[in-house]
Number of protein chains: 2
Amino acid sequence: MRVSEAFQVLAEPARRQILDLLRERPRLVGELTEQLGLPQPSTSKHLKALREAGLVRVGRDGTRRWYRLCPEPLLAIDQWLAPYRRMWESSFAALERHLDSMPDDDDPPAKERT
Amino acid sequence: MRVSEAFQVLAEPARRQILDLLRERPRLVGELTEQLGLPQPSTSKHLKALREAGLVRVGRDGTRRWYRLCPEPLLAIDQWLAPYRRMWESSFAALERHLDSMPDDDDPPAKERT
DNA sequence: CAAATATATTCTCTTGCAAGCATATAGTCA
DNA sequence: TGACTATATGCTTGCAAGAGAATATATTTG
């Protein structure tokens, strides 16, 4: 699915940082490299992943490449999120209180046998 | 970061499917296993990932475990998404048109040297 | 063409899962 | 206690992906 790919790509902090920078304005690879403090090849590889996920597009200008944001895949995520958003926007709190009456059990340590 | 973990966990389709099922109501592991068509151990492992990401909680009832949705981490993602949402909600289209005047260059094949 | 610059790709190494199977744990009931 | 059910964990294997270094490609300039 397309959404899976977007989630996967966004799981990397450096890539979200790139998107944050591109939100402001289009940027050159060198510029991004400097801002991220990464070696240039790493930046290029992250940009490739973002490109393949449709999150950025690139335009040439001689030997330079301007990367710009392409938010459509984010719209897909936003739409996946929509029904959940309704949960915390509406009667979620009441449901939560009801269910909290059950005992929680996050990760009980193993007990020895009697 | 907490957001990275959420993205990572949501990248797996089966896990999103689990959340979709839990959105309706709390469920037992066996129930989820049946719906997903996965072997039970796989379901348990996905549930563990979801637990550790804070996306679900579990309550005991004898030998059964009720899993329920816990949407807070989704709220974090929603908030990360917010500034981007503004882009497609406002003047995004105009900006897009402007930038599209630049030539695109998605993956040009390598050429031989003269 | 050669050199310099900007960016991409390749390679190796290592790590992180996920699938699949076997088995452990815990609770219930006879 | 022993069988039975519900769920979790461990182990192995294969694969996808990230870090880092080296190098390739393409463009501009002299």
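Note on naming: letters A, B, ... go to the chains in the order of the sequence lines (proteins, then strands), and numbering restarts at 1 for each one.
- Interface residues of residues 40-47 of chain B facing DNA chain C, ordered by number: B:Pro41, B:Lys45, B:His46; criterion, heavy-atom separation under 4.0 Å.
- The phosphate of D:dG18 has OP1 or OP2 within less than 4.0 Å of a side-chain N or O from A:Arg15.
- Residue B:Arg60 has a polar side-chain atom (N or O) positioned under 4.0 Å from OP1 or OP2 of C:dG27.
- Per the geometry, CZ belonging to A:Arg16 stands 15 Å off C1' belonging to D:dG18, to the nearest Å.
- Across the protein-nucleic acid pair, B:Asp61 atom CG and D:dT5 atom C1' stand 14 Å apart, rounded to whole Å.
- Closest contact between the side chain of B:Thr63 and the listed nucleotides C:dA18, C:dT7, C:dG27 involves C:dG27.
- For the side-chain contact (heavy atoms from CB on, under 4.5 Å) with B:Tyr67, the lone residue among B:Val29, B:Leu50, B:Thr43 that qualifies is B:Val29.
- Nearest-nucleotide assignment on DNA chain D puts the 5′-proximal partner with B:Val29, out of A:Leu38 and B:Val29.
- A:Pro83 is linked by a side-chain contact (heavy atoms from CB on, under 4.5 Å) to A:Arg86, B:Arg23, counting only residues two or more places apart in sequence or in another chain.
- Relative ring orientation between B:Phe7 and A:Phe7 is described as tilted, the plane-to-plane angle lying within the 30° to 60° band.
- When all heavy atoms of B:Val3 and B:Ala76 are compared, the closest pair comes out as CG2-CB, 4.4 Å.
- Side-chain contact of B:Gln8 with B:Ser4: a donor-acceptor pair under 3.5 Å is absent, judged by distance alone.
- Summarising the geometry, the separation between CZ on A:Arg27 and C1' on C:dT7 is reported as 18 Å, rounded to the nearest angstrom.
- Using a cut-off of 4.0 Å between Lys/Arg side-chain N and Asp/Glu carboxylate O, A:Arg25 and A:Glu31 are scored as salt-bridged.
- Residue A:Tyr67 places none of its side-chain N or O atoms closer than 4.0 Å to OP1 or OP2 of C:dA6.
- An end-to-end axis angle of 10° holds for the helix from C:dC1-D:dG30 to C:dA30-D:dT1, taken from five base pairs per end and rounded to 10°.
- The residues A:Arg57 and A:Glu72 are annotated as not salt-bridged, no charged nitrogen and carboxylate oxygen being separated by less than 4.0 angstrom.
- For A:Leu28, taking side-chain heavy atoms from C-beta onward, the closest of the listed nucleotides C:dA18, C:dT7, D:dA6 is C:dT7.
- When the nucleotides C:dC17, C:dA18, C:dA8 are ranked by their closest atom to the side chain of B:Gln8, C:dC17 comes out on top.
- Rounded to an integer number of Å, the gap from A:Phe7 CZ to D:dA17 P is 17 Å.
- Between A:Glu31 atom CD and C:dA6 atom C1' the separation is 13 Å, expressed in whole Å.
- Between the CZ atom of A:Arg64 and the P atom of C:dT7 there is a distance of 7 Å, given to the nearest Å.
- One interatomic measurement links the two molecules: CH2 of B:Trp66 to P of C:dG27, which rounds to 18 Å at whole-angstrom precision.
- If you run side-chain contact (heavy atoms from CB on, under 4.5 Å) between A:Leu10 and each of A:Arg15, A:Arg16, A:Glu5, only A:Arg16 comes through.
- Residue B:Arg27 forms a side-chain contact (heavy atoms from CB on, under 4.5 Å) with just one option from B:Val56, B:Leu22, B:Leu69, B:Ile18, and that option is B:Leu22.
- In this entry the distance linking CG of A:Leu50 with P of C:dA8 reads 12 Å, nearest Å.
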